[in-house]
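Worksheet for the structure shown next.
Side-chain atoms are counted along with the backbone in the values below, which use heavy atoms only and exclude waters and symmetry mates. Residue numbers start from 1 in every chain, and the chains themselves are labelled A, B, ... in the order their sequence lines are given, proteins ahead of strands. The shown structure was predicted, so the numbers you read here are calculated from the model rather than taken from an experiment.
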2 protein chains.
Amino acid sequence: MTATTPIPLATLAGLLADATRARFCLALLDGRAWSAGELARHAGVAASTASEHLSHLVRGGLLVEERQGRHRYLRLAGPQVAQLIEDMTAHAERAGAAARPPTLRAASAAAAMAAARTCYDHLAGRLGVAITDAFTARGLLRQDAGFALSDDGLAWFAAELGVALPASTGRRPLARPCLDWTERRHHLAGAAGAVLCATALQRRWVSRIGSGRALRLTGAGRQALSALLGLDDPTGDLSASAAGG
Amino acid sequence: MTATTPIPLATLAGLLADATRARFCLALLDGRAWSAGELARHAGVAASTASEHLSHLVRGGLLVEERQGRHRYLRLAGPQVAQLIEDMTAHAERAGAAARPPTLRAASAAAAMAAARTCYDHLAGRLGVAITDAFTARGLLRQDAGFALSDDGLAWFAAELGVALPASTGRRPLARPCLDWTERRHHLAGAAGAVLCATALQRRWVSRIGSGRALRLTGAGRQALSALLGLDDPTGDLSASAAGG
DNA sequence: GCGAGGTTTCGGCGGGCGCCGAAGTGTGCG
DNA sequence: CGCACACTTCGGCGCCCGCCGAAACCTCGC
């Protein structure tokens with residue numbers, strides 16, 4: 001009878017408060033669509049359990065589904081949802097980093113993620129931060145009074161990268177900061193970040209490692225980043241070669 | 001024995017997934033410190049229940065406590081936490097706005113909140129959005145390639161408002177967009193937004209209504225906004241005087 | 001030092017919810 | 001047309017956790 005008002009904040013948080021549902025959302029942060037079965041296996045639960053969770057997440061507006069034959073494919077509902085989950089992860093990592101088992105066998109996977117990965121539709125990790133720093137150092141991105149591309153930065157996409165940025169008409173900002181939870185600094189997100197990431201994948205500057213979010217920087221990528229942004233050793237591998245494990 | 005890895009995202013979300021804890025955090029969004037008893041009464045639970053919830057939230061890093069004599073005062077742990085909760089509220093409102101009882105008696109309180117309120121330490125509601133629009137229209141704020149104050153905008157704070165902006169050295173950005181969940185558009189947040197809100201309160205341009213987040217625009221406030229930003233009717237009251245309920 | 005009032009700890013209760021396996025539905029392939 | 005497979009629905013189980021009241025603890029003021 002205590003039908004207290006639902007509190008939308010609590011309802012939304014409840015969707016992410018379960019470990020299995022959170023695992024689903026984190027997996028989907030790679031921006032691609034997964035089938036229900038893939039997600040179930042990934043999270044280590046029965047298909048029936050996953051099915052109910054996924055319906056729950058779709059109803060809550062965090063995921064969208066696309067049915068093809070006997071498959072049900074699921075994606076994050078959009079960049080805003082991805083941003084929210086990334087933000088929450090960043091906060092959670094900050095708070096929980098202290099009380100955590102220092103290392104598990106999967107440390108090598110974590111190392112690959114820390115070097116370079118996608119963050120929904122843009123670049124993250126040391127690579128993403130290094131690119132953002134290079135943008136800032138060359139005056140293409142200004143972070144002193146907010147976070148915005150300069151006129152030079154807008155021109156760079158057309159003249160140097162050779163791709164068109166979407167018009168700023170939509171609700172999505174051209175540039176926005178996204179907190180990198182391994183580097184604990186901001187990297188470039190928004191429509192410009194998405195264009196940059198898509199271009200890098202398309203031109204094989206980076207390639208996906210396995211089926212996850214981790215990326216490998218290719219030789220062509222190193223050359224391109226050096227030529228376009230004067231960026232050498234973008235993932236910090238050279239200077240870190242003497243670091244022990 | 002299925003000691004699945006804790007999943008920090010789920011842990012964080014779990015803190016906000018309970019209606020009572022969420023109510024606490026939403027109340028604390030006014031940026032001030034509440035005593036444990038005040039929060040318990042506000043949420044309608046026993047003091048013992050509140051006590052445990054609050055310890056939980058402090059342990060999780062969302063709240064910080066300050067003990068004075070027999071009182072325990074609680075605040076949000078910082079602007080980042082406030083931002084996260086605001087973001088989640090915005091998302092939740094967007095998703096849940098459809099299936100909601102259209103109106104309850106507290107509609108007048110909601111109306112006051114929609115007109116003008118604080119959002120942790122900056123201005124929100126129609127007032128906050130109108131000020132942000134005025135900034136943009138006068139070239140003080142650029143939203144076309146991100147979200148940043150222009151050089152004119154930086155000068156405005158010193159020359160027109162007559163207050164110093166904090167150096168951009170800290171981790172906190174000078175300007176950032178904050179999604180307004182009543183207007184569904186961005187308003188100005190960050191250090192500049194905080195300075196503006198603090199100045200408005202200090203100079204009595206706005207005053208708090210009761211003990212909540214809602215604000216009333218004073219006559220002095222109308223004059224100041226008109227003189228400084230060419231902004232008339234910042235809360236839309238004049239044009240809305242014929243709107244039925 | 002004693003009472004009043006704010007806060008915390010402790011049991012105990014109850015509901016909600018995540019889990020599974022089994023059975024049911026729908027799709028694709030041979 | 002029937003099997004295989006992906007997914008969904010349905011019961012049932014068990015645990016987690018939020019709730020309360022009683023009692024202890026602490027601080028203040030007299």
Side-chain angles (χ1 to χ4, degrees), chain A residues 1-7 9-28 33-60 62-75, chain B residues 1-7 9-28 32-60 62-75 211:
Chain A
M1 186 52 77
T2 35
T4 56
T5 329
I7 312 280
L9 169 62
T11 305
L12 171 63
L15 288 175
L16 297 170
D18 175 73
T20 298
R21 284 195 297 265
R23 257 186 275 261
F24 289 170
C25 292
L26 290 173
L28 290 165
W34 293 47
S35 76
E38 284 173 330
L39 288 168
R41 256 170 280 125
H42 173 77
V45 295
S48 56
T49 302
S51 175
E52 286 165 351
H53 280 312
L54 292 170
S55 298
H56 207 168
L57 289 166
V58 169
R59 275 194 168 280
L62 290 180
L63 268 45
V64 291
E65 63 183 25
E66 201 169 332
R67 306 185 102 105
Q68 282 182 16
R70 55 184 169 185
H71 291 277
R72 178 199 200 183
Y73 288 103
L74 297 129
R75 288 181 293 110
Chain B
M1 188 53 75
T2 34
T4 56
T5 329
I7 312 280
L9 170 62
T11 306
L12 171 62
L15 289 175
L16 297 170
D18 175 74
T20 299
R21 285 195 296 264
R23 257 185 275 260
F24 289 169
C25 291
L26 290 173
L28 291 165
R32 294 178 290 185
W34 294 47
S35 76
E38 284 172 330
L39 288 168
R41 256 171 278 125
H42 172 77
V45 295
S48 57
T49 302
S51 175
E52 285 165 350
H53 280 311
L54 292 170
S55 298
H56 206 168
L57 288 167
V58 169
R59 275 195 168 278
L62 291 180
L63 267 47
V64 291
E65 62 182 26
E66 201 169 331
R67 307 184 99 107
Q68 282 181 16
R70 53 185 169 185
H71 290 276
R72 179 199 198 182
Y73 288 105
L74 296 128
R75 289 181 292 110
S211 65

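- Here the closest non-hydrogen pair linking A/L39 and A/A27 is CD2-CB, 4.2 Å.
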Contact list (N/O, under 3.5 angstrom) for nucleotides 21-30 of chain D vs protein:
| unit_1 | atom_1 | unit_2 | atom_2 | d |
| --- | --- | --- | --- | --- |
| D/dG21 | O6 | B/S48 | OG | 3.0 |

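- To the nearest 0.5 Å, atom CZ of residue A/R41 and atom OG of residue A/S35 are 6.0 Å apart.
- Considering only side-chain N and O atoms, B/H53 lies under 4.0 angstrom from the phosphate OP1 or OP2 of D/dC19.
- For the atom pair CZ (B/F24) and CG (B/D18), the distance works out to 8.5 Å, reported to the nearest 0.5 Å.
- Considering CG of A/L16 and CG of A/L26, their distance stands at 8.5 Å, rounded to 0.5 Å.
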Report all side-chain donor-acceptor pairs from residues 44-57 of chain B shorter than 3.5 Å, counting only partners two or more places apart or in another chain.
| unit_1 | atom_1 | unit_2 | atom_2 | d |
| --- | --- | --- | --- | --- |
| B/H53 | ND1 | B/R21 | NH1 | 3.1 |
| B/S55 | OG | B/S51 | O | 3.1 |
| B/S55 | OG | B/R72 | NH2 | 3.2 |

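- Residues A/L62 and A/L12 are in side-chain contact: their nearest non-hydrogen atoms beyond the backbone lie under 4.5 Å apart.
- Among the protein residues, B/S55 comes within range of no part of the nucleic acid, since none of its heavy atoms lies under 4.0 Å from any strand.
- If you check every strand for non-hydrogen atoms under 4.0 Å, A/A36 touches sugar and phosphate atoms only.
- B/R21 has a side-chain polar atom (N or O) that falls below the 4.0 Å cut-off from OP1 or OP2 of D/dG18.
- A 4.0 Å heavy-atom criterion places the boundary nucleotides of DNA chain C facing chain B at C/dA4 to C/dC10, written 5' to 3'.
- Distance check, rounded to the nearest 0.5 Å: CD of A/E65 to CZ of A/R59 gives 10.5 Å.
- One interatomic measurement links the two molecules: NE2 of A/H56 to P of D/dT8, which rounds to 15 Å at whole-angstrom precision.
- The CZ atom of A/R41 sits 10 Å away from the C1' atom of D/dA6 (whole-angstrom rounding).
- Nearest heavy atoms, A/L28 versus A/W34: CD2-CD1, 3.5 Å.
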